[in-house]
Amino acid sequence: MADRYDPHATEARWQARWEADRLYHAADDDPRPRWYALTMFPSSGDLHTGHWYAMVPSDVAARYRRMRGHNVLFPMGFDAFGLPAENAAIKRGVDPREWTYANIERMRGQLRLMGASFDWDREVVTSDPEYYKWTQWWFLQLYRKGLAYRAEAAANWCPGCHTVLANEQVVDGRCERSDDIVERRFLTQWFFKITAYAEELLRFEGIEWPERIRAMQTNWIGRSEGAFLEFAVDVPGVDDRLKVFTTRPDTVYGATFMVVAPEHPLVARITTDAQRPAVDAYIAQTSRQTEIERLSTDKEKTGVFTGAYAINPFNGARVPIWIADYVLVTYGTGAIMAVPAHDQRDFDFARAYGLEIIPVFDHDDVDVTQPLTAAFSHGRRMVNSGPFDGTPASEAFARVVAFAEEQGVGSATVNYRLRDWLISRQRYWGAPIPMIHCDACGIVPVPESELPVLLPDTVTFDASGKSPLTRIPEWIDVACPQCAGPARRESDTMDTFMCSSWYQMRYADPHNPERPVSREAAAKWLPVDQYTGGAEHAVMHLLYTRFFWKAARDMGVVEGDEPMLRLFNQGVILGPDGNRMSKSRGNVVAPDDQVSQWGSDAFRCQLMFVGPWDQGGPYNPTGMAGIVRWLNRLWSLGTEEPRYVDDLHSEGTRALRRATHKTIRDVTEAMEAFSFNTLISRLMEHATAMQRVRDAGPVDGQAWDEALRAAILLTAPLAPHIAEELWDRIGGGYSVHTAEWPAFDPELARDDEVEVALQVNGKVRDRLVLPAECGEADARTAALASPKVIALLDGKEPRRVIYVPGRLLNIVL
RNA sequence: GCCGAAGUGGCGGAAUGGCAGACGCGGCGGUCUCAAACACCGCUGGGCUCAAACCCGUGUGGGUUCGAAUCCCACCUUCGGCACCA
């Protein structure tokens, strides 16, 4: 009797061996075709089931590629800068560096338990000076290219995190990580000009990304075609023209008033003395509102008249200029021409304040000579529009814009919702922005030769939440690199998304002291062939990294237009109760516990077996029994031999070989499709079939060996430890993970006989066993011989017969 | 409100125009055992049944088709994203 399978001893033993042998190291000089598989790296903390759920199938896919003969790069590292470390420092007085590196050390151990095929020789830690030196270098290159700039803007301030955030990190008016309500503050900050690539970021040619992510990015970038139009301001001493963005220049004759955002710079200069108290009061009131209150769509529209008028450049109409908080200073020009007849928001506002409503299109179903009850956006022909009257709606836009361009009062344009990426953070634990403020020279970049700008070692945190960097004179005060006069370092650090925007490049050449990545390494490994990670990063990391890559391409550092050719988003693994895992709910499944109970292989497989990977769903701990049964069965098949007989050409042998080759075919197909749950079900079926064959009597040795080798090889990516152990025991050699993926023989996988459904009028009434290659005439003869069919036909002739070989035969009466 | 995804047994799910419910969990019955565990075998959508046969059945209602979980139309529900973006 063979021993029972002991996952713990076996797993630890092979993990140690693989690591000692650097089995998964991707060598630069390996001549085989490369395959770069990447799964999003974790930030430092604790490794949870979500990480396993993301990483295990990524590992399976990487292992599969390796067995298909690729030189696979599958690296791992740590996104180690960021707030958690600093919050721990503030709350518990620990040093953020020590906290971070202790976490990383623990996570390395947890990741090892997974048995994943990471190439640890290429590990990167974004908080290492060797790494963030290059993060700073990238900043300088972007600055040089005009893609990094400093500007004052309305920024999102998170009071809980004591820092500003990028727009992408604000969700429903709240901070994406702390959930605090963000405040609007006018601050001077560093930005990356991601908008310079807006148009290109909308194109997804040459990459296979999920429709969902493409839609989210497209939506976020928010391209809209329209025009700028300029209205003169009828205020003595003000020559500025009021510039508006509109998608409907063809409604310009219906502009009965203007609305500018309360923060618009022109407001102070055009407001009349009589209106000033009301305007000031309104501005004060809106500035007190949170973003959430202000953006609530169902609240009544409010606004105040400035007392000033603008002149419509098309018809000379004198229209009042209002301020209202439904116009956002951050979009377009922060000012609109209001056309209440054709825009519901303007209509609501006009109604509330008794402003004029003039339709400038007629409509088949609306009598435009009567007061409107609602705005309508698209009409038939222009009316009330002077020389444009009668212009069909389809031509209106182009004609009005052409006229505006002729007259010098406007031009066609494309506007984006996307705004530049604010990367300054008023925090300590990040890569310092390598800039120096000199009283004489202004803003001066730190010379590349002086990189990295190191974070000071000993820092103290206090309850103010202010970054300690602002309080360390010996760090802040420096000599200006240009004039050597007194100057101060920039004390803000970079958004951690900056660190992760280029990490995939660094894995290609992780220890290069001269460059972020050498040309040779970039050419060898980049871009990423298969990227996997969560969809929650759709408009953050996944958008930033595309921008970053394009900028790097334009600097000549990398080639090609996209950083990741294929992207797969796994779903979210939930607690057994169907809710998000959380300590407060008490539904957390801790991976370390699962591993100590069942072993890594079983936990890996159970995570993949719960359902389609992209859908996520509840983790089912009781279902583990099925996985364990299957792995034990596989163990028994590999360690308890059948009685052998030389019987290569018998029907039983043929059946076993058929099962083996069908399994190879189906598992390979499922592997390509990332359909890991169905893949495991096929392997279970094969194991059950093998067991029945073994227990039924003597088995042909060759066919058995073929079946067993296939079972182990096909299981290897999923359950790497048990597969290695069995492979070793059957003398397969070391290692199963560098062995060749089995090929199937279509001839052996082919069925000789097939069962087809016999339908009458589309309902299954009987079954026929036919030769696999059975033609229609023979199938029909067999069908008409069925007693069931004879009874139902009742002597009549079938009107029609549909035969789908191998599937069914349908008789229509 | 707009956009996207989804809705199938007691549960996770399979099948993307051709036999609905693969595989697994759970449940029921059995073999083994003094007994239990493990393991193995059988059954397991509902109705009507001793059983067979038959009928019903993939969110709801319609449609296309010889044939629909799958395609089309309308609606309901759930989840995700966006949301005064001019």
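Reminder, nothing fancy here: chain letters follow the sequence lines and each chain counts from 1.
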Give none if [N] has no partner; otherwise give the nucleotide forming a Watson-Crick or G-U wobble pair with it, both distances under 3.5 Å.
N      : answer
B:rA20 : none
B:rA35 : none
B:rG1  : B:rC82
B:rG29 : B:rC41
B:rA74 : B:rU60
B:rC48 : none
B:rG67 : none

Flag the pair A:Lys301 and A:Asp325 as a salt bridge only when some basic side-chain nitrogen lies within less than 4.0 angstrom of an acidic carboxylate oxygen.
-> no
Going by an N to O cut-off under 4.0 Å, is there a salt bridge joining A:Glu225 and A:Arg223?
-> yes
In whole angstrom, give the distance that lies between atom [atom1] of [X] and atom [atom2] of [N].
X        : N      : atom1 : atom2 : answer
A:Asn620 : B:rG26 : CG    : P     : 9 Å
A:Met258 : B:rA86 : CE    : C1'   : 11 Å
A:Arg417 : B:rC2  : CZ    : P     : 18 Å
A:Gln217 : B:rG4  : CD    : P     : 17 Å
A:Arg807 : B:rG17 : CZ    : P     : 10 Å
A:Arg214 : B:rG4  : CZ    : P     : 13 Å
A:Met216 : B:rA83 : CE    : P     : 11 Å
A:Trp630 : B:rA39 : CH2   : P     : 16 Å

What does [X] touch in the nucleic acid at a heavy-atom separation under 4.0 angstrom: a base, only the sugar-phosphate, or nothing?
X        : result
A:Arg633 : sugar-phosphate
A:Glu755 : base
A:Pro612 : sugar-phosphate

[options]: which one has an atom nearest the side-chain heavy atoms of [X]?
X        : options                : answer
A:Trp220 : B:rG12, B:rA83, B:rG18 : B:rA83
A:Glu685 : B:rA86, B:rC23, B:rC84 : B:rC23
A:Thr246 : B:rG26, B:rA86, B:rG18 : B:rA86
A:Val610 : B:rA20, B:rG12, B:rC82 : B:rG12
A:Asn219 : B:rC82, B:rC40, B:rA86 : B:rC82
A:Asp343 : B:rC66, B:rC84, B:rA86 : B:rA86
A:Lys301 : B:rG24, B:rC25, B:rC84 : B:rC84
A:Ile802 : B:rA86, B:rG42, B:rC66 : B:rC66
A:Arg765 : B:rC82, B:rC54, B:rC41 : B:rC54
A:Arg629 : B:rA86, B:rG18, B:rC25 : B:rC25

Are [X] and [Y] an aromatic pair by the rule of ring centers under 6.0 Å?
X        : Y        : value
A:Trp598 : A:Phe603 : no
A:Phe568 : A:Trp209 : no
A:Phe361 : A:His342 : yes

Rounding to the closest angstrom, what is the interatomic distance between [N] and [M] at atom [atom1]?
N      : M      : atom1 : answer
B:rG7  : B:rA69 : P     : 14 Å
B:rA20 : B:rG67 : C1'   : 14 Å
B:rC76 : B:rU60 : P     : 15 Å
B:rU58 : B:rU49 : P     : 24 Å
B:rG18 : B:rG24 : P     : 24 Å
B:rU70 : B:rU65 : P     : 16 Å
B:rA5  : B:rG26 : P     : 36 Å
B:rA37 : B:rC43 : C1'   : 23 Å

Would you say a side-chain N or O of [X] is under 4.0 Å from OP1 or OP2 of [N]?
X        : N      : result
A:Asn677 : B:rA14 : yes
A:Gln759 : B:rC66 : no
A:Ser224 : B:rA86 : yes
A:Lys763 : B:rG18 : no
A:Arg212 : B:rG81 : no

Hey, which sits more toward the 5' end of RNA chain B by its nearest nucleotide, A:Gly334 or A:Arg580?
-> A:Arg580
With RNA chain B as reference, determine whether A:Met624 or A:Gly806 sits nearer its 5' end, using the nearest nucleotide of each.
-> A:Gly806
With the side chain counted from C-beta on, respond yes when A:Leu718 and A:Leu679 share a heavy-atom pair under 4.5 Å apart, and no when they do not.
->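 A side-chain contact under 4.5 Å exists here.
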Describe, in one word, how the ring planes of A:Tyr5 and A:Trp635 are oriented to each other, choosing from parallel (under 30°), tilted (30 to 60°) and perpendicular (over 60°).
-> tilted
Which word best sums up how the rings of A:Tyr353 and A:Phe349 line up, parallel for under 30°, tilted for 30 to 60°, or perpendicular for over 60°?
-> tilted
A:Thr195 side chain to A:Asp420 side chain, donor-acceptor N/O pair below 3.5 angstrom =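 Yes.
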Anti/syn call for B:rG9, syn if |chi| within 90° =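 With its glycosidic angle within 90° of zero, B:rG9 counts as syn.
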